[in-house]
Amino acid sequence: MAANCEQTFIAVKPDGVQRGLIGEIIKRFEQKGFRLVALKFQQASKDLLKKHYSDLKDRPFYNGLVEYMCSGPVAAMVWEGLNVVKTGRVMLGETNPADSKPGTIRGDFCIQVGRNIIHGSDSVESAKKEIALWFKPEELCAYKSCAHTWVYED
Ligand code: DAT
Ligand code: MG
């Protein structure tokens, strides 16, 4: 797969949805030059969220995290581009908004770790797992962006 076809899973969490931040978050990824390849608005099941956060199942906040994440709809997305996983995490900020710099999404729009408004994959491997968990292969759109040659040198 070409380097600029790397994909990451981004989700605006229920608090981000309720606070009207879907557009702002999409805008930041669009403006950066990343390409949206899938977008779904859904209230996820507890079962899906337990799988999504299975690596955290022994943490004391796990049950509360799953309850919060299934408490309302989320905007689930796949974004594509060169180093999108790592750059996406930089755009999100730190897990705890208190440690997130201004200019990052968590640094600009939230206060507490349990209401940090957005999820982003932390590695290419977890991105692949999360995309497969949230989307069917046919829900990912293959298309060429007309901006491609103005975003990338080659
Ligand atoms: P991230 O979402 O930055 O990848 P993570 O995967 O370690 O962070 O944790 C997943 C989510 O769990 C995180 O976005 C918010 C919640 N969380 C993490 N640490 C927490 C804590 N100490 N107390 C409460 N919630 C926490
Ligand atoms: Mg994580």
Side-chain angles (χ1 to χ4, degrees), residues 1-137 139-141:
M1 189 186 273
N4 57 25
C5 290
E6 185 175 297
Q7 295 181 337
T8 193
F9 175 71
I10 297 290
V12 183
K13 295 179 176 182
D15 47 344
V17 171
Q18 291 291 344
R19 294 181 52 207
L21 293 170
I22 299 172
E24 172 67 33
I25 287 165
I26 289 178
K27 187 186 82 170
R28 289 184 179 214
F29 279 82
E30 274 186 331
Q31 283 185 166
K32 179 72 177 166
F34 292 133
R35 206 163 65 100
L36 183 65
V37 297
L39 171 62
K40 187 190 282 187
F41 189 60
Q42 71 169 112
Q43 185 154 0
S45 68
K46 198 175 275 192
D47 185 51
L48 187 152
L49 288 160
K50 281 184 173 170
K51 284 184 194 147
H52 175 81
Y53 282 126
S54 59
D55 58 325
L56 298 172
K57 65 179 183 307
D58 298 325
R59 305 296 293 275
F61 56 83
Y62 176 72
N63 287 336
L65 174 63
V66 169
E67 289 296 333
Y68 145 63
M69 286 296 292
C70 67
S71 66
V74 300
M77 297 174 253
V78 179
W79 286 90
E80 189 174 277
L82 184 63
N83 292 325
V84 70
V85 172
K86 186 162 178 279
T87 303
R89 291 288 296 196
V90 173
M91 290 165 67
L92 261 60
E94 301 300 318
T95 300
N96 190 339
D99 301 326
S100 301
K101 291 196 171 62
T104 65
I105 293 166
R106 287 169 173 166
D108 286 348
F109 299 114
C110 52
I111 295 172
Q112 284 195 310
V113 68
R115 296 290 182 271
N116 65 2
I117 73 165
I118 183 165
H119 168 83
S121 307
D122 63 5
S123 67
V124 172
E125 193 194 0
S126 51
K128 284 185 181 148
K129 275 193 221 157
E130 290 169 1
I131 291 166
L133 183 63
W134 287 79
F135 290 96
K136 297 180 192 131
E139 290 175 325
L140 274 59
C141 296

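Order of listing sets the numbers, starting from 1, for every ligand and every atom in it. No hydrogens, no waters, no symmetry mates; every other heavy atom, side chains included, goes into these values.
Residue contacts with ligand 1 for Lys13 involve side-chain atoms from C-beta outward but no N, CA, C or O (heavy atoms, distance under 4.0 Å). When heavy-atom distances to ligand 1 are checked against a 4.0 Å cut-off, His52 has no atom that comes that close, whether in backbone or side chain. If you look at Met69 next to ligand 1, there are no close heavy atoms at all, none under 4.0 Å.
When the heavy-atom distances from atom 4 (O) of ligand 1 to Arg89, Arg115, Arg106 are ranked, the shortest goes to Arg89. Ranked by closest heavy atom to atom 8 (O) of ligand 1, the top entry among Thr95, Asp122, Asp55 is Thr95.
Between Trp134 and Ala44 the shortest heavy-atom distance is CH2-CB, 3.7 Å. When every heavy atom of Phe29 is checked against every heavy atom of Gly88, the shortest pair comes out as CE2-CA, 4.1 Å.
At least one heavy atom of Leu65 lies less than 4.0 angstrom from ligand 1. Not close to ligand 1: Glu94, with no non-hydrogen atom less than 4.0 angstrom away.
The one candidate from Glu24, Lys101, Arg28 that meets the side-chain contact (heavy atoms from CB on, under 4.5 Å) condition with Asp108 is Arg28.
Annotation: atom 15 (C) of ligand 1 to nearest protein heavy atom, Val113 O, 3.4 Å. Of all protein heavy atoms, the one lying nearest to atom 17 (N) of ligand 1 is Phe61 CE1, 3.4 Å. Protein heavy atom in closest approach to atom 10 (C) of ligand 1: Leu56 CD1, 3.5 Å. Remark: minimum distance from atom 13 (C) of ligand 1 to any protein heavy atom is reached at Asn116 ND2, 3.6 Å.
Taking 4.0 Å as the cut-off between side-chain N and carboxylate O, Glu67 and Lys46 count as a salt-bridged pair.
Residue-to-ligand polar distances keep Tyr53 apart from ligand 1: every N/O pair is separated by 3.5 Å or more.
Side-chain contact check for Met91 versus Trp79: every heavy-atom pair is 4.5 Å or farther apart. Side-chain contact between Phe135 and Leu140: present, with at least one pair of heavy atoms (C-beta onward) separated by less than 4.5 Å. The side-chain heavy atoms of Lys13 and His119, taken from C-beta on, include a pair separated by under 4.5 Å.
Between Leu65 atom CG and Cys70 atom SG the span is 10.0 Å, to the nearest 0.5 Å.
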